[in-house]
Each structure stands twice: as C-alpha cells, then as structure tokens.
Amino acid sequence: MPVLVMKFGGTSVANLDRIKRAAKRVGVEVAKGYDVIVIVSAMSGKTNELVGWVNETSPLFDAREYDAVVSSGENVTAGLMALTLQEMDVPARSWQGWQVPVMTTSAHSSARIEDIPPENIMAKFGEGMRVAVVAGFQGISPEGRITTLGRGGSDTTAVAFAAAFGAERCDIYTDVDGVYTTDPRICSKARKLEKIAFEEMLELASLGAKVLQTRSVELAMRYKVKLRVLSSFEEQTDEAGTLVCDEEEIMESNVVAGVAYSRDEAKMTLISVADRPGIASIIFGCLSDAGVNVDMIVQNISEEGRTDMTYSLPTDQVKRAEQALAELKDSGGLNFADLDVDMDVAKVSVVGIGMRSQSGVAAKMFKVLSDDGVNIKVITTSEIKISVLIDRKYMELAVQALHDAFELEKTG
Ligand code: ADP
Ligand code: ASP
Ligand code: MG
C-alpha cells in the first residue's frame with residue numbers, strides 16, 4: 001500500500017482533544033488506503049519546559065543528558081496518539097526513535113539523521129498495522145545514546161521518513177494553514193503562498209521562519225520529497241496548504257518572496273584584537289570548537305595594528321562563547337581588551353530567487369529601514385537574501401515596513 005507521512009506539531013497535539021482531532025485526520029487517510037507514518041512533536045510548551053529544567057540544573061550542561069531529558073516530550077505524545085488510534089479501531093503502535101532505529105550522528109542537541117532502515121516498520125505494515133506513530137525529534141547515536149535533532153527537529157524526522165519509505169507525500173500539520181510571505185502572527189498583511197521554491201524556503205527557514213526546520217527543507221530538496229504545510233485545525237482537501245517544490249513549478253514571481261526574522265540573536269564584539277593573519281581563524285576556530293554557531297561577521301578597519309571583530313550568534317550560546325573566549329585569553333591564545341555583548345538585537349532578512357537577476361533590493365531595504373529610523377548594526381548578503389541586524393525593539397516594525405515596501409501582499 002502507498003505510504004503517507006503526516007507530522008503533527010506541538011500545538012496540534014497540545015491536549016487530548018487535539019490529539020483526537022489529529023487522529024481523526026489520520027483515520028481519513030487510512031480509510032483512503034494509505035499506510036500512514038505519523039510523526040509527533042511534544043505537546044506545545046513541553047520541550048521549552050524540559051530545556052528550562054536542564055538549564056536550571058546545569059547551565060553548561062552535558063549535551064548527552066540534555067538530549068535524554070528534552071527528547072522525552074515526544075515519547076508521551078507518541079504513546080497517546082497510538083492509544084487514541086487504537087480506540088478508533090485503527091491498528092497502530094508507537095515507536096521511539098531508537099526502536100526504529102533512527103540512526104544519527106553523535107552531535108548531541110543538533111544531530112543529523114544518517115539512516116532509517118525501514119524493515120521493522122514495513123514488517124508491521126505487512127502484518128496489518130496501519131499506522132506507525134513515531135516520536136519526532138529524536139534518534140540514537142553510534143555510541144547507543146539518545147540524540148535530538150535541534151529545535152523544530154520533528155519536521156526533519158518527518159521528511160527523513162518520507163524519503164526512507166518512498167512516501168507519496170509528507171504533510172506537515174501545524175497551527176497556520178501554510179507558508180506565508182512572512183510570519184502572519186506579526187504582520188496582518190502576510191499572504192499565504194500556494195507554492196514556494198525549495199531554495200526560498202531553505203533561506204527563510206535558516207533565517208528564522210520556524211514553520212519548517214531548515215534541515216527538513218534540505219532533505220526534501222535532496223530526496224525530492226513532496227512536502228506540504230497545512231493546518232491541523234481546518235478540514236483539508238488534497239490541495240490545501242502550501243506546497244514546497246522546485247522553482248520550475250512556480251508561475252508567480254515576486255522579486256522578494258518573503259521576509260524572515262530571528263528574535264533570539266545576540267551581537268558580540270571582541271575589542272582591540274591584533275590585526276594579523278590567522279586571527280580570524282583563532283577566534284572562530286575557538287567558537288566552533290565550543291559548539292557556537294556564528295552567523296554574521298564584520299571586522300572594523302584597523303588602527304595601529306588592532307581591530308574590533310563583531311559577529312552574531314544565538315542568545316542561548318552566549319555563555320558558552322564567553323567561557324571559551326575567556327579560556328583562550330587566559331591560556332595566552334588570544335589577546336583582546338574587552339568583550340562587548342548586546343543581547344537586544346534581532347535579524348531581519350528579505351529572501352527571493354528574483355534577486356539573482358534584479359538589482360536594487362538592498363538599496364530599497366536600507367532606505368525603508370532608514371525612513372523608519374532603524375539603525376543597521378551588521379549586514380550580510382548572499383545571492384538570494386539580504387540580512388540586517390537591528391535593535392530588537394524595531395523588529396516587528398521592520399518586518400511590516402519591508403512587507404509593505406516590497407508589496408508582498410500582492411501576487412507577482
Ligand atoms: P509546530 O509546533 O507545528 O512545529 P511551529 O511553531 O514550529 O509549529 O511553526 C509554526 C509557526 O511558524 C507559526 O505559528 C508562525 O508563527 C511561524 N512562522 C514564521 N514564519 C512563518 C511563515 N513565513 N509562514 C508561516 N508561519 C510562519
Ligand atoms: N518538540 C521539539 C521542539 O519543540 C521538536 C519539534 O517540535 O519539532 O523543538
Ligand atoms: Mg516546528
């Protein structure tokens with residue numbers, strides 16, 4: 001029988017009623033003749049609570065134990081979903097990541113899926129089981145330890161299962177009815193897209209649009225998974241939601257496809273480091289070894305052989321970065337006068353494949369921000385995106401102003 005993957009995010013399984021509603025949706029697909037793999041997230045708020053407990057217990061935690069704790073939310077919903085389906089007389093059972101097994105790298109808290117052997121679940125389908133409910137977000141390392149795939153990782157579990165089982169489609173059920181030109185929660189004029197290109201979705205996701213985890217889009221692109229985002233709160237047709245697909249399948253063509261933001265950014269400046277060959281390698285090598293993901297980087301013009309180095313990083317990695325740099329300084333590996341940390345910044349980005357062939361987008365973006373009195377602290381660009389770091393208090397204003405200026409409420 002054809003296989004369908006259906007993923008339900010945190011708000012879609014937030015309580016027993018919602019789990020029931022999701023299970024009914026699964027029942028509809030089973031009745032159509034699909035064998036269904038359901039991927040579930042933890043109930044909404046649960047993972048945050050678990051992360052909070054870990055941080056409170058151990059600020060510079062052992063990532064293996066972090067994974068042991070934060071993966072547990074999904075175990076609860078997987079079991080409850082299987083029980084709900086059984087109550088509906090749908091033959092179902094739950095699987096934790098290690099039972100499948102979802103084999104991952106050992107990069108704890110941000111592991112990558114390496115392999116999902118389909119045999120165990122296929123054998124159960126062969127015996128008449130109709131739904132495999134799999135706990136998203138988790139796997140097992142080569143060392144036999146539980147791993148997690150990074151926040152939002154259940155999306156990636158879903159796409160990886162769709163690829164491994166040759167599923168007809170991977171449906172991501174969430175609390176909005178598709179991918180929008182920007183987050184509909186902060187911009188009332190945001191427009192739902194019928195289709196979005198993999199590359200644009202990839203950029204939007206990596207720049208903060210959390211509707212899909214970045215890695216899930218990468219996998220869907222690589223393995224040609226038919227990926228759809230839709231609401232778990234509405235009755236659905238086969239055409240509902242947003243299809244993430246190849247560029248060639250899309251007719252409309254706005255130069256800018258969407259605006260993304262990331263609230264949880266911090267800016268760090270190493271003040272007065274020696275401006276000599278190898279210094280960037282020392283700084284960013286140290287940060288990378290400490291597991292810090294640096295994004296935007298600027299180096300000032302040097303004065304008397306010394307310069308300032310500024311970069312952005314996620315707020316929850318600031319402590320780790322400070323500690324690693326302090327140790328480097330103490331060991332004589334790097335000399336700097338001070339470390340300035342700004343926790344009140346946000347990143348706002350515009351994304352569009354059309355930017356490859358049309359100039360002037362950056363100029364327009366900077367003009368819009370300056371007209372609104374928003375000071376830009378750091379800028380980065382690539383072929384299809386422009387990102388700026390600004391004071392967090394201006395973030396929503398900037399998103400709305402850019403959405404207006406690029407007329408994203410209109411179809412191109
Ligand atoms: P889930 O718990 O189902 O995984 P998430 O909270 O991870 O849901 O992702 C859905 C949320 O993503 C939406 O509620 C919305 O606020 C946010 N979001 C950000 N950018 C976009 C966008 N461009 N289109 C749709 N949703 C977006
Ligand atoms: N529960 C995990 C998180 O909140 C994974 C997910 O929901 O995708 O990050
Ligand atoms: Mg999510």
Side-chain angles (χ1 to χ4, degrees), residues 6-14 18 22 39-52 54 66-67 69-78 97 102 109-111 113 134-139 147-160 171-196 200-217 228-233 241-242 244 256-264 316 347-352 395-396 399 402-403 408-409:
M6 303 171 75
K7 179 254 170 177
F8 293 92
T11 38
S12 311
V13 292
R18 297 228 176 130
I39 309 293
V40 286
S41 288
M43 290 177 175
S44 70
K46 192 69 212 173
T47 310
N48 284 347
E49 181 182 50
L50 295 168
V51 170
V54 170
Y66 167 96
D67 280 351
V69 175
V70 304
S71 61
S72 64
E74 273 70 10
N75 297 344
V76 175
T77 38
V102 178
S109 81
S110 56
I113 296 177
V134 178
F137 180 52
Q138 50 173 260
T147 53
T148 63
L149 309 177
R151 297 306 305 269
S154 297
D155 299 328
T156 300
T157 307
V159 175
D171 286 343
I172 306 285
Y173 285 87
T174 183
D175 56 0
V176 284
D177 60 352
V179 178
Y180 280 70
T181 46
T182 192
D183 188 346
R185 292 189 200 291
I186 74 161
C187 180
S188 58
K189 291 188 194 160
R191 176 171 55 89
K192 196 192 96 181
L193 299 164
E194 237 170 75
K195 293 180 176 178
I196 184 164
E200 287 172 336
M201 191 64 240
L202 197 58
E203 286 286 2
L204 286 174
S206 74
L207 295 167
K210 64 176 187 153
V211 62
L212 286 173
Q213 198 197 31
T214 310
R215 181 87 184 123
S216 73
V217 187
R228 191 166 70 134
V229 176
L230 69 174
S231 163
S232 63
F233 299 109
T242 300
V244 189
V256 171
V259 182
Y261 66 85
S262 167
R263 185 179 271 122
D264 303 318
D316 62 1
K347 184 169 58 184
V348 173
S349 313
V350 298
V351 171
M395 188 191 79
E396 298 197 4
V399 169
L402 291 166
H403 198 275
L408 300 191
E409 74 281 5

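Start at 1 and go down the list; that is how both ligands and their atoms are numbered. Values reported hereafter were calculated over all heavy atoms of this structure, with side chains retained and with hydrogens, waters and symmetry mates removed.
Formation of a donor-acceptor pair under 3.5 Å by the E203 side chain with backbone atoms of V351 is not found in this model. In this structure a side-chain-to-backbone donor-acceptor pair under 3.5 Å is missing from E409 to K189. The backbone N or O of T156 sits nowhere less than 3.5 Å from a side-chain atom of S216 that would complete a donor-acceptor pair. Without hydrogens or angle criteria, T157 side chain to F137 main chain gives a donor-acceptor distance under 3.5 Å. Between the side chain of E74 and the main chain of S154, no donor-acceptor pair closer than 3.5 Å is present.
Residues I113 and R215 form no side-chain contact, since every pair of their non-hydrogen atoms from C-beta on lies 4.5 Å or further apart. With contacts defined as side-chain heavy-atom distances shorter than 4.5 Å, the pair L204/I196 qualifies. K192 has its side chain out of reach of V176: every pair of non-hydrogen atoms, C-beta onward, lies at least 4.5 Å apart.
Counting heavy atoms closer than 4.0 Å to ligand 2, residue K46 contributes nothing at all. Residue contacts with ligand 1 for R185 involve side-chain atoms from C-beta outward but no N, CA, C or O (heavy atoms, distance under 4.0 Å). Proximity of T174 to ligand 1, defined as any heavy-atom pair under 4.0 Å, is shared by backbone and side chain alike. Heavy atoms of K7 found under 4.0 angstrom from ligand 1 belong exclusively to the side chain. Contacts between I172 and ligand 1, counted as non-hydrogen atom pairs separated by less than 4.0 Å, are absent for every part of the residue.
The shortest N/O to N/O separation between G152 and ligand 2 falls below 3.5 Å. Considering backbone and side-chain N/O atoms, D175 comes within less than 3.5 Å of an N/O atom of ligand 1. For ligand 1, one of its N or O atoms has an N or O atom of D183 under 3.5 Å away. Annotation: S12 places no N or O atom under 3.5 Å from an N or O atom of ligand 1; distance criterion only.
Closest to atom 25 (C) of ligand 1, if we only count protein heavy atoms, is G178 O, 3.4 Å. Looking at atom 24 (N) of ligand 1, its nearest protein heavy atom turns out to be Y180 N, 2.9 Å. Closest to atom 2 (O) of ligand 1, if we only count protein heavy atoms, is G10 N, 3.1 Å. For atom 4 (O) of ligand 2, the nearest non-hydrogen atom of the protein is R151 NH2, 2.9 Å. Scanning the protein heavy atoms around atom 2 (C) of ligand 2, the nearest turns out to be E74 OE2, 3.4 Å. Closest protein heavy atom to atom 5 (P) of ligand 1: K210 O, 4.1 Å.
The closest approach between G153 and ligand 2 falls below 4.0 Å for a heavy atom of the residue. Distances shorter than 4.0 angstrom do not occur between any heavy atom of G10 and any atom of ligand 2. Using 4.0 Å as the threshold, Q213 has no heavy atom nearer than that to any atom of ligand 2.
Ligand 2 places these atoms under 4.0 Å from at least one heavy atom of S41: 6 (C), 7 (O), 8 (O). Remark: ligand 1 atoms within the under-4.0 Å shell around heavy atoms of V179 are 24 (N).
Side-chain polar atoms of D67 and T148 form a donor-acceptor pair below 3.5 angstrom.
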For the pair Q138 and V102, evaluate side-chain contact (heavy atoms from CB on, under 4.5 Å) and give the outcome as yes or no after the intermediate values. CA-CA 8 Å; Q138 50 173 260; V102 178; over 6 Å; no

Carefully, step by step, assess D155 and K210 under the rule salt bridge (Lys or Arg N to Asp or Glu O under 4.0 Å). CA-CA 10 Å; D155 299 328; K210 64 176 187 153; over 6 Å; no

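When the heavy atoms of T182, T181, V211 are ranked by distance to atom 27 (C) of ligand 1, first place goes to V211.
The minimum heavy-atom distance linking V256 with L408 is given by the pair O-CD2, 3.2 Å. Contact detail for S41 and G9: the closest heavy-atom pair is OG-CA, 3.5 Å.
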